[in-house]
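Working notes, beginning with the structure itself.
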Amino acid sequence: MISQTSTPNQIAPSNTDAHDAVMLVDAHGLILFASPIIAHYYGYTLDDILGQVVLDFLPDDERETVRERWHSFISDSDTTFRETTLSIQ
């Protein structure tokens, strides 16, 4: 069960395969957990990524569109927890 007091270590998948790209962000877009493949994909270490704003890793020309969609997604009050799967190609 996930609550507002859950920590990233309590939420992050414990069975994440080395090839799974998994990222956990809070409502403000701060990266709380990232699988090692995420760091490799962006060319950073996990220490460089954790605690940063996920929008900072997007190309400049995509940030505003993603920011608008993110705020719309977060402001939808139907649920308090969402799981979203994105495909990186």
_Please determine whether side-chain contact (heavy atoms from CB on, under 4.5 Å) holds for the pair V66 and L55, giving the CA-CA distance in whole Å, both sets of side-chain angles, and the decisive distance to 0.1 Å._
CA-CA 8 Å; V66 173; L55 293 174; 3.5 Å; yes

*asked:* List the residues meeting salt bridge (Lys or Arg N to Asp or Glu O under 4.0 Å) with D56, not counting sequence neighbours, and say none if there are none.
replied: none

*For F57, what residues pass the ring pair (Phe, Tyr, Trp, His ring centres under 6.0 Å) criterion, not counting sequence neighbours?*
Y42, Y44

Measure the spacing between [atom1] of [X] and [atom2] of [Y] and express it to the nearest 0.5 Å.
X: Q52; Y: D47; atom1: CD; atom2: CG; result: 10.5 Å
X: E68; Y: R63; atom1: CD; atom2: CZ; result: 14.5 Å
X: T65; Y: L58; atom1: OG1; atom2: CG; result: 10.0 Å

Checking [X] now: which residues fulfil side chain to side chain donor-acceptor pair (under 3.5 Å) with it, not counting sequence neighbours?
X: E64; answer: R67
X: D61; answer: none
X: D26; answer: none

*Taking all atoms of both residues into account, what is the closest heavy-atom pair of A21 and I38, and its distance?*
CB-CD1, 3.7 Å

*asked:* Using every non-hydrogen atom in the two residues, find where I49 and A34 come nearest and quote the distance to one decimal.
replied: CG2-CB, 4.2 Å

*Would you check if L24 and I31 make a side-chain contact, meaning some heavy-atom pair closer than 4.5 Å?*
no

*A27: partners by side chain to side chain contact (heavy atoms under 4.5 Å, CB included), with sequence neighbours left out*: I74

*Going through the distances and angles, do M23 and V25 end up as a side-chain contact (heavy atoms from CB on, under 4.5 Å)?*
CA-CA 6 Å; M23 185 180 290; V25 297; 4.0 Å; yes

*Is it true that L46 and V54 fall in one hydrophobic cluster, defined by side-chain heavy atoms closer than 4.5 Å?*
no

